[in-house]
Amino acid sequence: MKTGKALLITDIQNDFCPGGALAVPEGDRIIPAVNRISSLDIFDEVVATQDWHPRGHISFASTHEKEPFETIELEGITQILWPDHCVPGTRGAEFHPRLDMNPVNLIIRKGYDPEIDSYSGFVENDRKTETGLHYYLRGMGIKEIYLCGLALDFCVYYTALDGLKYGFRVFLLRDAAKGIDQPEGSIDEALRDMRDQGARLMDSRELQ
Ligand code: VGL
Ligand code: ZN
């Protein structure tokens with residue numbers, strides 16, 4: 001039976017886990033919870049996003065000969081500069097080896113245009129270039145999206161806001177997401193904003 005629910009697993013890649021280039025503290029600790037929920041029978045669709053940046057990507061500090069976490073203005077958009085991460089062909093770009101990919105029926109790669117960063121799974125950071133994910137989910141009759149993954153204050157956050165804009169009901173699985181908190185306080189700010197805009201926070205253990 002169709003439920004109209006989709007699970008979106010954001011960027012659980014080696015570079016966002018301890019030892020990776022842009023490690024989220026304890027990022028790998030969410031994996032058991034994610035594996036449990038992805039294998040439940042309640043989702044029509046299980047989608048994973050994969051951050052995917054060519055060498056010399058515009059979001060890399062090295063491209064601008066700057067230090068990671070400095071910011072620059074790019075065509076009116078403030079861009080945080082990141083360490084080189086999620087470069088195709090590197091181990092860092094691969095999904096974490098303990099993430100169960102068997103239930104995943106669609107992988108969306110994002111950020112592969114050298115000139116545009118992409119946090120959200122729906123729209124790139126120019127706020128125009130669509131990944132196509134909302135057409136897919138709508139076409140499949142999805143009404144509710146459940147979010148988990150990395151990083152809570154960047155890619156999960158932007159995916160939540162865009163999900164709301166596209167008219168989905170959005171649920172954040174709070175225990176199955178972790179943030180960078182860079183700059184400090186950005187996790188709390190992201191949580192507050194997601195709630196204010198209509199996302200609902202819940203614990204993954206409520207899903208059976
Ligand atoms: C992400 C920063 C840069 C994320 C991706 O997955 O949250 N953050 N690229
Ligand atoms: Zn990235």
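Whatever order the structure lists ligands and atoms in, that order sets their numbers, starting from 1.
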Going by heavy atoms, is His85 under 4.0 Å from ligand 1?
-> yes
Out of curiosity, Asn125 CG to Ser118 OG, how far, rounded to the nearest 0.5 Å?
-> 5.5 Å
Are side-chain heavy atoms of Leu147 and Thr10 found at a separation under 4.5 Å?
-> no
What residue and atom, counting heavy atoms only, is the protein's closest point to atom 6 (O) of ligand 1, and at what distance?
-> Asp11 OD2, 2.6 Å
Does His53 bring an N, O or S atom to within less than 2.8 Å of the Zn ion (ligand 2)?
-> yes
Please list, one pair per line, the donor and acceptor atoms closer than 3.5 Å that link side chains of residues 130-142 to other protein atoms, with sequence neighbours excluded.
{"residue": "Glu130", "atom": "OE1", "partner": "Tyr135", "partner atom": "OH", "Å": "2.8"}
{"residue": "Glu130", "atom": "OE2", "partner": "Tyr166", "partner atom": "OH", "Å": "3.2"}
{"residue": "Thr131", "atom": "OG1", "partner": "Gly121", "partner atom": "O", "Å": "2.6"}
{"residue": "Thr131", "atom": "OG1", "partner": "Phe122", "partner atom": "O", "Å": "3.3"}
{"residue": "Thr131", "atom": "OG1", "partner": "Leu133", "partner atom": "N", "Å": "3.2"}
{"residue": "Tyr136", "atom": "OH", "partner": "Glu45", "partner atom": "OE1", "Å": "2.6"}
{"residue": "Tyr136", "atom": "OH", "partner": "Asn105", "partner atom": "ND2", "Å": "3.2"}
{"residue": "Arg138", "atom": "NH2", "partner": "Tyr166", "partner atom": "O", "Å": "3.2"}

Taking atom 8 (N) of ligand 1 as the reference point, the nearest protein heavy atom with its distance | Phe154 CB, 3.8 Å
Please confirm if an N, O or S atom belonging to His85, backbone or side chain, lies less than 2.8 Å from the Zn ion (ligand 2).
-> yes
Check whether the ring centres of His53 and Tyr112 lie less than 6.0 Å apart, and answer yes or no.
-> no
Aromatic ring centroids of Phe16 and His96 under 6.0 Å?
-> no
Go through ligand 1 atom by atom and flag the ones less than 4.0 Å from a non-hydrogen atom of Ala151.
-> 4 (C), 6 (O), 7 (O)
Please state which protein non-hydrogen atom is closest to atom 4 (C) of ligand 1 and give its distance, to 0.1 Å?
-> Cys155 SG, 2.8 Å
Please name the residue in the list Leu8, Leu172, Leu150 that meets the side-chain contact (heavy atoms from CB on, under 4.5 Å) test with Val156.
-> Leu172
Examine all N, O or S atoms of Asp51, backbone included, and report whether one is under 2.8 Å from the Zn ion (ligand 2).
-> yes
Quick one: look at Leu150 and ligand 1, take heavy-atom pairs under 4.0 Å, and tell me if it's side chain, backbone, both or neither.
-> backbone
By side chain to side chain donor-acceptor pair (under 3.5 Å), which residues pair with Arg29, not counting sequence neighbours?
-> Glu26
Name the closest protein heavy atom to atom 5 (C) of ligand 1, giving the residue it belongs to and the distance to 0.1 Å.
-> Asp51 OD2, 3.1 Å
